[in-house]
Amino acid sequence: MMSYPDLAIHTFTTKFWSMSECIEGYARRGIGGISIWRETLEGEDLCAVAQQVKDAGLEGISLVRGGFFTGKTKKDRFNALEENRQAIREAEALELPSLVLVCGATVGQNPRENYQQILEGIGSLADEAEAHGVKLLVEPLHPIYAGDRSGISSLKVANDLCEELSHRNVGIALDVYHVWWELDLAEQINRCAQGGWLDTYHICDFKPNQEHLLLDRGIMGEGCVDLVGIDRMMMEAGFEGKREVEIFSAKWWAKNQEEFLDEILNAYNEIY
Ligand code: ZN
């Protein structure tokens, strides 16, 4: 049987599968790891899920996702911290070593205000998260989401944030969908690695003709990302973790999920 020890899948990729369908479906194909979305955990016993993941021989990577630190009022921002504390406890119960953060942006605030609130939010949780054994990972998002999802819109800004926080429990989740267009990507990946915060690596593809800003991501090879080039940068920078496939696709979700996953593996075999 083929096996994919360096590959992990985000459970939101196979959106309509239950937690145990994900675990079984990934393990059966020899996939090495799993990142778990909170949406997939609805109604699940977290300790039982942790055990299932282990029994299946999968490595648990991240809980997805926390963040959304920005808000116009102190109360909004406090509530965001509470929600993140809950996510940190969930990651701990699931024995996942990291929590991915979509950092947030609030309409009506300027980018500097968003950045500052994100800095304060992560800064106030970093120690606490460390005590629970959960590293906080900033995922820079493509600037198309800068209005209401994330004020961290490039790998450079994410690196600036990590540098400013300078906390060993804060790192970066790099997703090719979000950063492929950056001209200084190799330099920023090296900076990330040298800082000790190049933690996780998400793959998919960016379709230039996408029909929906969120739900039309491509399988690797369906879009315009230089996946081989970015992978080389990651390896040359010393990245040793898994490649995690994270695809939101209304088109692929409408099809059989077993076939979708097999298509992902075909593409993975061709490119990596
Ligand atoms: Zn991602």
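Whatever order the structure lists ligands and atoms in, that order sets their numbers, starting from 1. Nothing fancy with the numbering, it's 1 onward along the sequence.
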message = With respect to the Zn ion (ligand 1), please indicate if His202 possesses an N, O or S atom at a distance under 2.8 Å.
response = yes

ask   = Quick check, are the ring centers of Trp17 and Phe260 under 6.0 angstrom apart?
value = no

inquiry  = With rounding to 10 degrees, what does the angle Glu139:OE2 / the Zn ion (ligand 1) / Asp175:OD2 come to?
reply    = 90°

request  = Give the atom name of whichever N/O/S atom in Glu246 sits closest to the Zn ion (ligand 1).
outcome  = OE1

message = Using the rule side-chain hydrogen bond (donor to acceptor under 3.5 Å, both in side chains), only one of Lys251, Lys207, Gln210 pairs with Asp216; which is it?
response = Lys207

query = Looking only at heavy atoms, which two atoms of Gly171 and Asp199 are closest? And how far apart?
reply = CA-OD2, 3.1 Å

ask   = Cation over ring, Arg243 on Tyr268, under 6.0 Å and within 45°?
value = no

